Amino acid sequence: GAGVSQSPRYKVAKRGQDVALRCDPISGHVSLFWYQQALGQGPEFLTYFQNEAQLDKSGLPSDRFFAERPEGSVSTLKIQRTQQEDSAVYLCASSLYESSSDTQYFGPGTRLTVL
Amino acid sequence: AQKITQTQPGMFVQEKEAVTLDCTYDTSDPSYGLFWYKQPSSGEMIFLIYQGSYDQQNATEGRYSLNFQKARKSANLVISASQLGDSAMYFCAMIPYGFNKFYFGSGTKLNVKP
């Protein structure tokens, strides 16, 4: 497909379980971003990759959150020992270059519900 | 610190009329980019329009235009000739140049009435 894809679209986890969320960026895009969007709020930045390098992880809320992009394309956001406050939509975005003025193209998101 | 404020949680507009969605921002960075995204109920953020802080002219993209007033730190989105398909959440975002993360506002829910 031509756009950013994410899987799964919906994930229900029991408190304490580990989850892995996948993002397939637009082919050839250098930059990849993860955002967390709580219900009724705007997205909040989690982390940024330039190719395979994670250059900014300042938004990750705790050490239970871990992201990787080992080959510079697909990225996985992993949340260990999920808590109820982790319930949110997780959005992935990619942009062609590393410039701040580049448009970020978003995927449809993964809605995570922690019971 | 960066702060984006969208003061209109919800708005109604009649089909075919124009509507303005407000956005103000607070930043100490001298150069930055401003973006507007549309988020329908399906969840995907759709890029609408971009304005650079040094751009002299207001950006336009089809029915969308950005009313950029740098001194007032405002970047309002104007949608002309509203359509039913414009009903969605709209987010204003800012990115300081040299950084790689958006700062988003809390959004405005637009409802277009037939």
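These figures come from a predicted structure and were not determined experimentally. All chains are named by letter (A, B, ...) in the order of the sequence lines, taking the proteins before the strands, and each is independently numbered beginning at 1. All values below come from the heavy atoms of this structure, side chains included, with hydrogens, waters and symmetry mates left out.
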### Query
For the hydrophobic clusters of this structure (ILVMFWY residues joined by side-chain heavy atoms under 4.5 Å, transitively), does one cluster hold both A:Val89 and B:Met45?
yes

### Interchain contact, A:Leu91 with chain B, by part (heavy-atom threshold 4.5 Å)
side chain

### Interface moiety of B:Phe91 toward chain A, non-hydrogen atoms closer than 4.5 Å
side chain

### More than 12 heavy atoms from other groups under 6.0 Å of CG on A:Leu39
no

### Query
Side chain, backbone, both or neither: which part of B:Pro9 has an atom under 4.5 Å from a heavy atom of chain A?
neither

### Message
Only pairs of heavy atoms separated by less than 4.5 Å count here; which of A:Gly109, A:Pro43, A:Gly42 has the most with chain B?
### Response
A:Pro43

### Hphob cluster co-occupancy, B:Ile4 + B:Leu77, side-chain heavy atoms under 4.5 angstrom
yes

### Task
Check the angle between the aromatic planes of A:Phe106 and B:Phe102 and answer parallel, tilted or perpendicular using the 30° and 60° thresholds.
parallel

### Common cluster, B:Ile95/B:Leu48, ILVMFWY with side-chain heavy-atom separation under 4.5 Å
no

### Task
Could you state whether B:Phe104 and B:Met94 fall into the same hydrophobic cluster, counting links through intermediate Ile, Leu, Val, Met, Phe, Trp or Tyr residues with side-chain heavy atoms under 4.5 angstrom apart?
no

### Message
Let me check something: do A:Leu115 and A:Leu112 share a hydrophobic cluster, defined by ILVMFWY side-chain heavy atoms less than 4.5 Å apart, either directly or through other members?
### Response
no

Can you pull out the donor-acceptor contacts between chain B and chain A, under 3.5 Å, including backbone atoms?
residue: B:Tyr37; atom: OH; partner: A:Gln104; partner atom: N; Å: 3.3
residue: B:Tyr37; atom: OH; partner: A:Gln104; partner atom: O; Å: 2.6
residue: B:Gln39; atom: OE1; partner: A:Gln37; partner atom: NE2; Å: 3.0
residue: B:Gln39; atom: NE2; partner: A:Gln37; partner atom: OE1; Å: 3.0
residue: B:Ser42; atom: O; partner: A:Arg9; partner atom: NH2; Å: 3.4
residue: B:Gly98; atom: N; partner: A:Ser100; partner atom: OG; Å: 2.9
residue: B:Phe99; atom: N; partner: A:Ser100; partner atom: OG; Å: 3.3
residue: B:Phe99; atom: O; partner: A:Ser100; partner atom: OG; Å: 2.5
residue: B:Lys101; atom: NZ; partner: A:Ser58; partner atom: OG; Å: 2.9
residue: B:Phe102; atom: N; partner: A:Tyr35; partner atom: OH; Å: 3.1

